[in-house]
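Below, chain A is the first sequence line, B the second, and so on; all start at residue 1. These figures come from a predicted structure and were not determined experimentally.
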Amino acid sequence: MTPTELSGALSAALAAAVADGTLQLPADAIPASVHVERPRQREHGDWATNVALQLAKKAGTTPRTLAEDLAARLGETRGIKSVDVAGPGFLNITLDAGAAGELARTIVEAGSEYGRTGTLAGQVIDLEYISANPTGPLHIGHTRWAALGDAMARILRAAGADVTAEYYINDAGAQMDRFGGSILARATGGEIPEGGYHGEYVKELAVKVLERRPDLPELPQDEAIAVAREEGYQLQLAEIREVLEGFGVHFDVWFSERSLHESGAVEQAVDRLREQGHVFDSDGAVWLRTTDFTDDKDRVLIRANGEPTYFAADAAYYLSKKDRGFPGKIYLLGADHHGYINRLKAIAACAGDDPQQNIEVLIGQLVNVGGAKLSKRAGNIIELRDLVEWIGRDAVRYSLSRYPADTPLELQGEDMLKQTNDNPVFYVQYAHSRTCAVDRNAAERGVRLEDAFDPSLLNHESESALLGRLTEYPRIVAQAAELREPHRVARYLEALAGDYHSWYNDDAKLRANPYPDEDVTDAHRTRLWLNDAVRTVLANGLDLLGVSAPERM
RNA sequence: GCGCCUGUAGCUCAGUGGAUAGAGCGUCUGCCUCCGGAGCAGAAGGUCGGGGGUUCGAAUCCCUUCAGGCGCACCA
């Protein structure tokens, strides 16, 4: 029996109580699905619900009276072993071992599909993250968004959403010219321009640019800057893409800001916003009246000198997303951009969208890694590339994925390297590889899944705890998708790994394999199903985080 | 000054109105003839920053206050 089925049984019991007049409740007060949860204490059964506490007042009765009535009705339900009323009116429900154990087979047969739901089916979402300027290497902050953003894309898809992951390349504007000027300076021994780039990587780029364009020093200044800028841009962008692919982060679309200017999309965006009635002229500049919505001041679209602002490109980009058929737009931004939330939402509103529905801006706080060496080449930052080389892809991704985006983070590099409980990624991966070791032994000793499955044999306390945990998985994934919180998947995997290790260690008799002098029994075979169900869920969950599930470590 | 984020065990952090607030590390005590001890079981450790309020019930929601971080461009 799944929590969904249980929830349905509770709704039915409520409806029955209303139907026979026991319960005086308006029809719209009956929840379509009753919330059930895993109680903290094992003595409180497999599932608990506070529905009686919530409805008692509306029904003009006491919580305990209502709870007792529901308990009596529910006691008849197949698959439910017992229902107790506890405390102020909680319903504590215990399932039949057989009904609970059936889940093991369900999971193994579902395989990689277990945990995939349709809770976000029909939603078409553009997910933009990282979007670092192509003027330098990716750093630790980008690494957090890379890990979180990619996990988010996978989790949203697991919930049935249609997700396009997008990287916005800020390849237009004065910053690019300073980048080109900096490369040129390194190539020719000139002065790095004001606001330019000083890192060692600029020298590396200069060397490569000179290899491609030995004529660079002879070109007129403006042309030389342009050549250095374009060559450097391509090299740097290529490095970013390569580093991200190596990190297991894949984008469906790399969107160039410059293309918005070149195609005329920026001017068109201004015109379209003007048609919507939110554009005005003042002091020689063209403005968007974002204060019509949530912004605290209006924003310039076209400067007095005729140049469009970065904000104008943002508006054009937003419209592009809208035009390309994405009702949902999620932006993952760093904390230093939180001032952008209101103006981005105002763009959506000015464009005729609903800022509550069509745009979500998620702000991630900063992260620091203690003990990390600072990159000399990039100017005293922690580079993604160095971090992965030092710590390893799995540990970096997992460590950054197991915290909510809005908590400031201070990680210790040494902890991420440890192969002990200090390091949750190893704890979870170890559990997975242990399930594989059990499988290998089973194969060797002739324990085969297809020979038997008797769920009523999974009646040990640690087995029911494990089954309870396994049954939560689809809801955890759906919830992580709904709330845009990938860390919930990681936290769940840690709890599952813990339950698995407990089961494994609980009692020497609870083995999926016989001792060498024993015969294979149905108990062994059935426990192997449970073992494999755990393996399946650990592998599925790790995959959502972009972390490998090793068979041996 | 205004706005956003954060404040939970010695440390790093979970906990989107429920029962005795949890995990890991660190500190103690136990558990290996046989599936991976990279593990497990237990103990100790808390005014959930402070103060009000909402309600059957608040770490969670509201107000206020203190502390820390970040942001308030015709920059990108």
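OP1 and OP2 of B:rA73 both lie 4.0 Å or more from every side-chain N or O belonging to A:R303. Between A:H487 and B:rG15 there is a side-chain N or O to OP1 or OP2 distance below 4.0 Å. Phosphate contact (OP1/OP2 of B:rG39, side-chain N/O of A:S502, threshold under 4.0 Å): absent. Regarding contacts with the backbone of B:rA14, a side-chain N or O of A:T407 is found under 4.0 angstrom from either OP1 or OP2. A:N421 has a side-chain polar atom (N or O) that falls below the 4.0 Å cut-off from OP1 or OP2 of B:rC25. Between A:K297 and B:rG71 there is no side-chain polar atom (N or O) within less than 4.0 angstrom of OP1 or OP2. Taking 4.0 angstrom as the limit, A:Y427 places a side-chain polar atom (N or O) nearer than this to OP1 or OP2 of B:rC40.
When the shell of 6.0 Å around CD of A:Q234 is examined, it contains more than 12 heavy atoms from other residues, nucleotides or ligands.
No donor-acceptor contact under 3.5 Å links the side chain of A:D336 to the base of B:rG71. For A:N513 against B:rC35, a side-chain N or O and a base N or O form a donor-acceptor pair under 3.5 Å.
Look at CZ on A:R299: it is 8 Å from C1' on B:rA73, rounded to the nearest Å. Put simply, NE2 on A:H501 is 12 Å from P on B:rG24, counting in whole angstrom units. The nearest whole Å value for the distance from the CD atom in A:E461 to the C1' atom in B:rA41 is 13 Å.
Using a 4.0 Å cut-off between charged nitrogen and carboxylate oxygen, A:R527 and A:E463 count as a salt-bridge pair. Between A:R258 and A:E230 there is a salt bridge, since at least one side-chain N of the basic residue sits less than 4.0 Å from a carboxylate O of the acidic one. In this structure, A:R440 does not pair ionically with A:E444, as no charged nitrogen and carboxylate oxygen lie closer than 4.0 Å.
If you check B:rG3 for Watson-Crick or wobble pairing at under 3.5 angstrom, you find it paired to B:rC70. Applying the Watson-Crick and G-U wobble criteria (two distances, each under 3.5 Å), B:rA59 pairs with nothing in any strand. Figure legend. B:rA19 is base-paired to no nucleotide; pairs are counted as Watson-Crick or G-U wobble with both atom distances under 3.5 Å. Across all strands shown, B:rA9 forms no Watson-Crick or G-U wobble pair with both distances under 3.5 Å. Using N1 to N3 plus N6-O4 or O6-N4 for Watson-Crick, or N1-O2 and O6-N3 for G-U wobble, each under 3.5 Å, B:rA43 pairs with B:rU27.
Here A:P404 lies in heavy-atom contact (under 4.0 Å) with sugar-phosphate atoms only.
Ring centroids of A:H337 and A:Y331 are separated by 6.0 Å or more, keeping the two rings apart.
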